[in-house]
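Input: a single structure, listed below in structure tokens.
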Protein chains: 2
Amino acid sequence: MTKSSARTGGTLAKQVESQIEQDIVEGVFLPGDRLDEEELAARLNTSRTPIREALRTLASIGLVAVRPRSGATVSRPTMSEVIDLFEVVAEMEAFAARLAATRATDAELRTVAEMHDACEREAGTGDAQRYFDANGHFHRSIWEGAHNPMLVEQIRIVDRRVSPYRRQITFHPGRQSSSQTEHRQIADALAARDAEAAAEAMRDHVMILSDDALQLSRHLRL
Amino acid sequence: MTKSSARTGGTLAKQVESQIEQDIVEGVFLPGDRLDEEELAARLNTSRTPIREALRTLASIGLVAVRPRSGATVSRPTMSEVIDLFEVVAEMEAFAARLAATRATDAELRTVAEMHDACEREAGTGDAQRYFDANGHFHRSIWEGAHNPMLVEQIRIVDRRVSPYRRQITFHPGRQSSSQTEHRQIADALAARDAEAAAEAMRDHVMILSDDALQLSRHLRL
DNA sequence: GTGGACTTTCTTGTATACAAGAGGTGCGCC
DNA sequence: GGCGCACCTCTTGTATACAAGAAAGTCCAC
């Protein structure tokens with residue numbers, strides 16, 4: 001395991017899993033890419049065993065597709081499936097926002113506000129990667145405010161699957177500013193502890209993202 | 001693989017996975033039970049390799065808990081986690097009901113009605129296992145009506161995790177009749193294609209189930 | 001030249017061998 | 001007699017060897 005950002009803890013299989021997952025979510029591996037076991041084993045300095053366990057695990061959360069005796073690929077959902085996934089994310093995040101509006105501590109709401117400010121700062125710089133990360137932190141701070149770890153776990157699973165598509169749209173110029181308007185509505189509703197408004201704003205935000213991502217995908221023939 | 005209801009298709013690992021999953025969901029293995037790799041391998045007539053892959057996969061969807069170098073157990077969520085899981089199921093199923101109210105075909109709604117009738121028939125017989133199954137079919141018919149396979153996939157994941165607790169309450173006398181009242185509200189709202197009422201009724205239904213299951217669990221010192 | 005079947009190769013699926021940590025047991029010491 | 005330490009065993013984690021199916025390339029026939 002000489003690779004760059006390899007986690008050093010736990011079992012090899014877990015490290016491998018984290019590494020591959022990161023590579024998928026961050027767009028190093030693209031949807032449809034073949035994931036050859038021996039190649040990965042060589043690259044990560046291990047045998048096929050931990051690789052296989054990692055691939056199976058990633059398959060079960062939908063990040064990887066394995067066809068028996070035909071190998072694994074980064075899963076490439078159909079456009080219809082991406083639409084469905086965004087719809088699920090939208091609803092779950094809306095639910096998280098609704099819960100956060102009533103359950104989050106004042107300190108947690110302050111954190112949400114801070115994350116929102118951080119987004120605003122990054123939106124100006126034009127550094128898409130940093131904005132993408134700040135955006136992630138904003139959303140996650142809301143999830144945490146929902147005080148439901150199981151919900152967070154489920155959102156993470158679905159969110160990772162649409163991550164490549166979210167990323168794509170974030171890097172599209174012009175999207176950041178409109179995204180910020182929507183973020184503000186969410187942040188304001190949460191600050192006012194208006195559960196329905198927060199849920200509605202969050203759902204709209206994710207659905208708009210979805211529409212844009214799909215339009216872009218269609219345009220790019222992805 | 002001489003075991004009774006072993007699926008015969010696909011790879012060994014997949015068959016093993018199905019078998020263990022079934023045993024967990026159906027209550028053959030109880031939360032907290034140790035899952036010894038060699039023991040399972042012997043019982044299912046295979047080597048440890050497919051067993052390990054199956055356990056890892058089941059761990060990633062939360063049915064099994066693996067502590068590094070300490071083995072796997074059927075995951076036993078804390079009471080707080082069970083509450084959270086039920087909350088997630090309630091929201092997702094409510095969403096499914098909302099979608100089904102507008103998207104389901106007339107034929108699909110008829111199927112929902114039929115499943116409801118089947119529940120009513122089974123409710124009288126006192127055969128808890130059959131009622132449990134009929135209840136499952138009723139819910140799944142609604143999921144299908146939502147026309148969102150990704151949502152169904154996610155619901156299944158969470159639903160399986162609370163399955164032992166749902167089962168417990170279903171087998172409790174008296175619960176079936178009140179459950180039927182709630183089912184009727186859901187079915188009626190769907191028949192009327194009233195999205196909000198359907199969502200609300202479904203959410204209430206699952207939350208009542210949750211409360212009862214927890215009260216029972218607490219009572220039984222589970 | 002093209003279609004199809006065969007063969008060959010390459011990858012995955014499974015079994016087994018080996019390494020290494022966790023947990024229990026027994027002994028000695030206090 | 002109780003506590004602690006060391007050892008030993010047993011299970012898991014990893015590597016490798018072997019089996020078997022899938023895919024691609026080739027050769028032959030038409």
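So you know, we letter chains A, B, ... as the sequences are listed, proteins then strands, and number each from 1.
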Which nucleotide in the list D/dT11, C/dG13, C/dA15 gets nearest to the side chain of B/Asp36?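 Among D/dT11, C/dG13, C/dA15, the one nearest the side chain of B/Asp36 is D/dT11.
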
d([atom1], [X]; [atom2], [N]) in whole Å:
X: B/Leu12; N: C/dT12; atom1: CG; atom2: P; value: 18 Å
X: A/Glu17; N: D/dT14; atom1: CD; atom2: P; value: 12 Å
X: A/Glu39; N: C/dT11; atom1: CD; atom2: C1'; value: 12 Å
X: B/Arg34; N: C/dA22; atom1: CZ; atom2: C1'; value: 10 Å
X: A/Lys14; N: D/dT12; atom1: NZ; atom2: P; value: 14 Å
X: A/Leu44; N: D/dA15; atom1: CG; atom2: P; value: 11 Å
X: A/Ile51; N: D/dG13; atom1: CD1; atom2: P; value: 16 Å
X: B/Glu38; N: D/dC10; atom1: CD; atom2: C1'; value: 9 Å

Do NZ/NE/NH1/NH2 and the carboxylate oxygens of [X] and [Y] come within less than 4.0 Å?
X: A/Arg103; Y: A/Glu108; result: no
X: B/Arg203; Y: B/Glu93; result: no
X: B/Asp33; Y: B/Arg76; result: no

Please classify the nucleic acid contact of A/Ala72 as base, sugar-phosphate, or nothing, using heavy-atom distances under 4.0 Å. nothing

Touch class at under 4.0 angstrom, heavy-atom based, for A/Thr49 against every strand present: base

Tell me whether the OP1 or OP2 atom of [N] has a side-chain N or O from [X] closer than 4.0 Å.
X: A/Ser70; N: C/dT12; answer: no
X: A/Arg48; N: D/dC18; answer: no
X: A/Arg52; N: C/dG13; answer: yes
X: B/Arg67; N: D/dT11; answer: no

Closest-nucleotide mapping onto DNA chain D: is A/Pro68 or A/Ser47 further toward the 5' terminus? I mean the 5' end. A/Ser47

Using a 3.5 Å distance criterion without hydrogens, assess whether the side chain of B/Thr111 forms a donor-acceptor pair with backbone atoms of B/Ala107.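 Yes, because the side chain of B/Thr111 sits within donor-acceptor range (under 3.5 Å) of the backbone of B/Ala107.
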
How would you list, by chain and number, every residue that makes a side chain to side chain donor-acceptor pair (under 3.5 Å) with B/Arg121, sequence neighbours excluded?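 If we apply the side chain to side chain donor-acceptor pair (under 3.5 Å) test to B/Arg121, skipping adjacent residues, there are no hits.
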
Should the side chain of B/Arg69 and the base of C/dG23 be counted as holding a donor-acceptor pair, with the cut-off at 3.5 Å? no

